[in-house]
2 protein chains.
Amino acid sequence: MAVRAGLTTAKVVDAALELVDEQGVEALTLAAVAARTGVATPSLYKHVASLGDLRGQVGLRVMQDMTARLTETVVGRSGDDAVSALMHAYRAYVQEHPKRYAAAPMDPLHDELQRAAGLKFMELVLATLRSYGLEGSDAIHATRRLRVIVHGFASIESSGGFGLPEGLDDTYAQLVRMYLDDLRGQS
Amino acid sequence: MAVRAGLTTAKVVDAALELVDEQGVEALTLAAVAARTGVATPSLYKHVASLGDLRGQVGLRVMQDMTARLTETVVGRSGDDAVSALMHAYRAYVQEHPKRYAAAPMDPLHDELQRAAGLKFMELVLATLRSYGLEGSDAIHATRRLRVIVHGFASIESSGGFGLPEGLDDTYAQLVRMYLDDLRGQS
DNA sequence: GCCCAAAAGCTAACTTCATTAGCCTACGAC
DNA sequence: GTCGTAGGCTAATGAAGTTAGCTTTTGGGC
């Protein structure tokens, strides 16, 4: 008969990510991915272990994509400039792909598949903060504070959680300034 | 035959919340709630319109419960003391019911059922900030910044997103201090 | 060019859920 | 006591994940 679909795990994840971007995480179903890739549902099991596995791979992809994007943003910058750019780029990424953000893992370090990507992301933040000369646990705390702010804002914004979109740029700018003031203050 | 189960919408939501606390939001299924309340699955439709409706009601309940708890915490306090107490009580609530927090709505204002509770929560925060004398949009921004911090931290902590639990109390204390410093700085 | 093992699909079947339809009866108001 | 309704039930449908087992494409070695 005809030719095979020629799927690979990567192509399945591609299709899943498109689906998530278009219809949200709840719409990520093996049946929908199968339809989109032109294959019967059970065939997907040749490329993916389960729906849970697929979710994990989509999350991994999002995290890698974000890390790549943020890395580009940060290279060549340092100090407040770098931190500000990182935070704004994080928000911009989530604004461009709002549905997708809900698929990103919140605990990548506890997942075998995602751990490496999670560490990479963490190291990017640590590197961005390098010029502040934070030592040991101070660096960890500073990284966590940054994460709390960017994730907190992005998760609320991407799920439409702010009553009105009005003035959100200002709110975010204030958060960035607050973080930077704090960083300076305790350095 | 025997006596009726005597269910009410409230009892169904009670059971659903127990289920969520024990096994997480993903485990919230009509079949499980029916089993727990000793009734056949379709009988639940006499008290709840759908699974989505039940989810909404559980979310509402969580939000009301949190608001009640935080209100108790904040009365009789003002200024930094009130803000700090509010933020710590928010975290404490989520620590006590980690699974539950994932069921809380992120956009209560956009849901007919939850809107009133969402406004009540917002007003609690605004009231807590009252003594800082913020006017108009400044008050809105300050409320948002607080929400970003408490939600950001709570959502990450409750889903086990911090690599190690070590030092989390310190991280949170720093966030609270950062927020307060910022509030004072711009007042 | 041919052969074959493995990879990639497929269909059939099962399970768990949500949801709807339609029936039956406990029970409170009168 | 009776009667309407609310609260429960069973049966049935449809979507989705998953497993088993069959078929066939396909690419590598001869």
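Note that these values count all heavy atoms, side chains included, but never hydrogens, waters or copies made by symmetry. Computed from a prediction, not measured in an experiment: that's the story for all the values here. All chains are named by letter (A, B, ...) in the order of the sequence lines, taking the proteins before the strands, and each is independently numbered beginning at 1.
Summarising the geometry, the separation between CG on A/Asp53 and P on D/dG17 is reported as 13 Å, rounded to the nearest angstrom. Atom P of nucleotide C/dA8 and atom NZ of A/Lys11 are separated by 11 Å, given to the nearest angstrom. Whole-Å rounding puts the B/Leu30 CG to C/dA18 P distance at 4 Å. Rounded to an integer number of Å, the gap from A/Leu7 CG to C/dG9 P is 5 Å. Residue A/Lys46 contributes atom NZ, which lies 16 Å from atom P of D/dT18 at whole-angstrom precision. Spacing between atom CG of A/Leu28 and atom P of D/dA16 amounts to 12 Å, rounded to whole angstrom units.
In this structure, the nucleotide among D/dG17, C/dG9, D/dA11 sitting nearest to the side chain of B/Pro42 is D/dA11. Closest contact between the side chain of A/Ala40 and the listed nucleotides C/dT20, C/dC10, D/dA16 involves C/dC10. Picking from C/dT19, D/dA16, C/dG9 the nucleotide with the shortest atom distance to the side chain of A/Val39 gives C/dG9. Distance from the side chain of A/Leu51 is smallest to D/dG17 among C/dT19, D/dC9, D/dG17. The side chain of A/Thr29 has D/dA16 as its nearest neighbour among D/dA16, C/dT20, D/dT18. The A/Ala31 side chain lies nearest to D/dG17 when the options are D/dG17, D/dG7, C/dT19. Set against C/dT20, D/dG7, D/dC9, the side chain of B/Tyr45 has C/dT20 as its closest nucleotide.
A salt bridge links A/Arg91 with A/Glu157: the distance from a Lys NZ or Arg NE/NH1/NH2 to an Asp or Glu carboxylate oxygen falls below 4.0 Å. The pair A/Asp107-A/Arg115 does not meet the salt-bridge criterion, since no charged nitrogen lies less than 4.0 angstrom from a carboxylate oxygen.
Using a 4.0 Å heavy-atom cutoff across all strands shown, B/Thr41 reaches at least one base atom of the nucleic acid.
Below 30°, between 30° and 60°, or above 60°: for B/Phe162 and B/Phe153 the angle between ring planes is between 30° and 60°, a tilted geometry. Ring orientation note: the planes of B/His151 and B/Tyr101 are tilted relative to one another, at an angle of 30° to 60°.
Counted by atom type alone, B/Arg100 and B/Tyr93 present one or more donor-acceptor pairs between their side chains at under 3.5 Å.
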